Amino acid sequence: MFTIRAAIASDLDSLFDVSGHLATVNLPHDRDALAKIIDASEQAFCGNLAPDKRAFLFVLDVQEPNAPSQIVGCSMVFAQHGSRRAPHVFFDVIHEERYSESLDRLFVHKVLRIGYDHQGLTEIGGLVLQPSLRGHPERLGQMLSYVRFVYLAMHRSDFCDEVVSELMPPLEPDGRSLLWESLGRRFTGLSYQDADQLSRENKEFIRTLFPQGPIYATLLAPEAQALIGQVGPATKGVEHMLTKIGFRYADRIDPFDGGPHFHARTDDISLVRAVRRLRVEDVAPLPERVPALDGLLATDLQSAPHFRASRGKVALVAGHLIVPPELATTLEIQSGDEVGFLPWP
């Protein structure tokens, strides 16, 4: 049985192992940092934090027969990325034409200009699955990705009107970013890893040390230019999923590594539109004469872990759900409960 739920403190060891396959700002391979992220997520699910502090961490829990449960993946959604205190920072990618009539030469320059968003966007990120489970017939990576939109739809007022996903670009085998080496390091004196880590808590150095005027990418090394807005090999599947549900490349990139930003209006995302709020009419075996519906079923809980979701088959009769006993037990659902349901695409 595969179950997605909100992370809890006892997940730390398993989550530390999972984070080693990603190790980003959102999900660092750092035990102390992860403990703080889990604690903040628990507070977010309880509604105890301000919107710009709410980061929801979902984990994929596998329960094998006669064995303890195991965390094998996770994903995250940040209610508000960017505020007056800590704005969302990016480079706009602008194409500027320069033409000389006397030479009859036209040049199209790629220009980077730093920008800030103080109002905030909802951000999705932190998606990782144990390599051995990638390509699983249950499409576990999709489940981890989709559950964020189910939760967003169930709690729409807690999130912004636009969603951003910052995709990982190609990096060097040692983890360096060639774009950072050609640009960011020259203005900050920091390594990519040091700047990446510092930015988790403090982005002031970007605003004060980065040039505020246009930066012509033409002046950068060709190999660095080629990385601007490119998606890394491990993130191609995420790019395909995002474009399928309504995201588009926003001609914006990460100021550190040049990874592309994909944006979508929240209410235009196909998965958000597809989620239905339904009441459980009965917990019982599915009736044979009613077609079974395959989907992701989710529910809020009164106590930890505060949220659970799982894929399964249900029946819809006169606008109400019939949920089979095994699925109801897994999700702690009973008759009369209201749930979120996303038909499996």
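Keep in mind the model is a prediction, meaning the values are calculated, not measured.
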> Looking only at heavy atoms, what is the nearest atom pair of G258 and P169, with distance?
Replying inline: C-CB, 4.4 Å
>> Determine whether D300 and H155 satisfy the following criterion, side chain to side chain donor-acceptor pair (under 3.5 Å), listing intermediate values before the conclusion.
In response: CA-CA 10 Å; D300 293 315; H155 303 272; 3.1 Å; yes
> What distance separates T122 OG1 from H81 NE2, expressed to the nearest 0.5 Å?
Replying inline: 11.0 Å
> Any side-chain heavy-atom pair from D254 and L179 closer than 4.5 angstrom?
Replying inline: no
> Just by modelled atom types, is the D268 backbone N or O under 3.5 Å from a matching donor or acceptor in the R273 side chain?
Replying inline: yes
> Under a 4.5 Å cut-off applied to non-hydrogen side-chain atoms, are F91 and V111 in contact?
Replying inline: no
> Can you check side chain to side chain contact (heavy atoms under 4.5 Å, CB included) on Q142 and W344, steps first, answer last?
Replying inline: CA-CA 10 Å; Q142 255 185 328; W344 197 251; 3.8 Å; yes
> Are L296 and F341 close enough that some pair of their side-chain heavy atoms sits under 4.5 Å apart?
Replying inline: no
> Hey, any chance V280 and I322 share a hydrophobic cluster, counting ILVMFWY side chains that come within less than 4.5 Å of each other, even indirectly?
Replying inline: no
>> With a 4.5 Å cut-off on side-chain heavy atoms, are P260 and F262 touching?
In response: yes
>> I'd like to know if the side chain of S182 reaches the main chain of L178, judged simply by a donor and an acceptor atom lying under 3.5 Å from each other, with no hydrogens or angles considered.
In response: yes
>> For D267, is there an ion pair with R265 - N to carboxylate O distance below 4.0 angstrom?
In response: no
> Taking 4.0 angstrom as the limit, do D13 and R31 come out as a salt bridge?
Replying inline: yes
> With hydrophobic residues grouped by side-chain heavy-atom distances under 4.5 Å, do F307 and L342 end up in a single group?
Replying inline: yes
>> Could you see if F58 belongs to whatever hydrophobic cluster contains L34? Use Ile, Leu, Val, Met, Phe, Trp, Tyr and a side-chain cutoff under 4.5 Å.
In response: no
> What pair of heavy atoms forms the shortest contact from P28 to A33, and how long is it?
Replying inline: CG-CB, 3.7 Å
>> Is there a side chain to side chain contact (heavy atoms under 4.5 Å, CB included) between L121 and Q80? Walk through the geometry before answering.
In response: CA-CA 5 Å; L121 311 87; Q80 182 182 325; over 6 Å; no
> Is any side-chain heavy atom of L321 less than 4.5 Å from a side-chain heavy atom of E281?
Replying inline: no
> Would you say the side chain of D117 lies within less than 4.5 Å of the side chain of P87, judging by non-hydrogen atoms?
Replying inline: no
>> Between L129 and M168, is there shared hydrophobic-cluster membership here, with clusters defined by ILVMFWY side-chain heavy atoms closer than 4.5 Å?
In response: yes
> Counting only N and O atoms by type, is there a donor-acceptor contact under 3.5 Å from the side chain of R308 to the main-chain atoms of A6?
Replying inline: no
> Can you name the closest pair of heavy atoms from T218 and Q225 and give their distance?
Replying inline: O-NE2, 3.4 Å
> Under 3.5 Å, is there a donor-acceptor pair between the side chain of T188 and the main chain of G184?
Replying inline: yes
> Which of parallel (below 30°), tilted (30 to 60°) and perpendicular (above 60°) describes F45 and F56?
Replying inline: perpendicular
>> Using 0.5 Å steps for rounding, measure from the CG atom of D337 to the CD atom of E332.
In response: 10.0 Å
>> Between the side chains of D294 and R311, is the shortest nitrogen-to-carboxylate-oxygen separation below 4.0 Å, so that they form an ion pair?
In response: yes
> With F256, which of F90, F210, W180, F187 fulfils ring pair (Phe, Tyr, Trp, His ring centres under 6.0 Å)?
Replying inline: W180
>> Looking at D161 and R156, is there a salt bridge between them, counting it only when a charged N and a carboxylate O are closer than 4.0 Å?
In response: yes
> When you check the gap from the basic side-chain N to the acidic O, do R5 and D61 get nearer than 4.0 Å?
Replying inline: yes
> Would you find more than 12 non-hydrogen atoms of other residues, nucleotides or ligands less than 6.0 Å from E288 atom CD?
Replying inline: no
>> On a heavy-atom basis, which atom in V275 and which in A153 lie closest, and how many Å separate them?
In response: CB-CB, 3.7 Å
> Between D194 and R185, is there a side-chain N and carboxylate O pair less than 4.0 Å apart?
Replying inline: no
>> I need the minimum non-hydrogen distance between P343 and A274, along with the two atoms involved.
In response: CD-O, 3.6 Å
>> Ring-plane angle category for H118 and Y116, please: parallel below 30°, perpendicular beyond 60°, tilted otherwise.
In response: tilted
> Do other residues, nucleotides or ligands put more than 12 heavy atoms under 6.0 Å from the NZ atom of K313?
Replying inline: no
> Do T299 and L301 come close enough that some side-chain heavy atom pair is under 4.5 Å?
Replying inline: yes
> So E204 and T208, side chain to side chain donor-acceptor pair (under 3.5 Å) or not? Walk me through it.
Replying inline: CA-CA 6 Å; E204 180 273 342; T208 54; 3.1 Å; yes
>> Tell me whether V231 shares a hydrophobic cluster with L22, the cluster being built from Ile, Leu, Val, Met, Phe, Trp, Tyr side chains joined at under 4.5 Å.
In response: no
>> Checking M76 against R148 for the side chain to side chain contact (heavy atoms under 4.5 Å, CB included) test, could you report, in this order, the C-alpha distance in whole Å, the side-chain angles of both residues, the deciding distance, and whether it holds?
In response: CA-CA 7 Å; M76 302 180 73; R148 300 173 296 187; 5.6 Å; no
> Is a side-chain donor or acceptor of D104 paired with a backbone partner of E101 at a separation under 3.5 angstrom?
Replying inline: no
>> Quick check on R277: does its CZ atom have over 12 non-hydrogen neighbours (other residues, nucleotides or ligands) under 6.0 Å away?
In response: yes
>> How long is the straight-line distance from NE2 of H21 back to CG of L27, given to the nearest 0.5 Å?
In response: 11.0 Å
> Do the ring planes of H29 and F16 sit parallel (below 30°), tilted (30 to 60°) or perpendicular (above 60°)?
Replying inline: parallel
> At their closest point, which heavy atom of S310 faces which heavy atom of L327, and how far apart are they?
Replying inline: CB-CD1, 4.0 Å
> Taking atom OG of S75 and atom CG of L127, what is their separation to the nearest 0.5 Å?
Replying inline: 6.0 Å
>> Do I228 and I253 make a side-chain contact, defined as non-hydrogen atoms from C-beta onward lying under 4.5 Å apart?
In response: yes
>> ring-ring contact (aromatic ring centres under 6.0 Å, His included) for H136 and F2? Distances and angles first, verdict last.
In response: CA-CA 12 Å; H136 192 281; F2 297 100; 5.1 Å; yes
> Could E96 and R98 be called an ion pair, given the rule that one side-chain N must be under 4.0 Å from one carboxylate O?
Replying inline: yes
>> How long is the straight-line distance from CG of L316 back to CG of L286, given to the nearest 0.5 Å?
In response: 11.5 Å
>> For a side chain to side chain contact (heavy atoms under 4.5 Å, CB included) check, start with the C-alpha distance between V290 and V317, then their side-chain angles and the critical distance, and finish with the verdict.
In response: CA-CA 8 Å; V290 178; V317 180; 4.2 Å; yes
> How about E326: does its CD atom have over 12 heavy atoms from other parts shown lying under 6.0 Å from it?
Replying inline: no
> What distance separates R276 CZ from M154 CE, expressed to the nearest 0.5 Å?
Replying inline: 14.5 Å
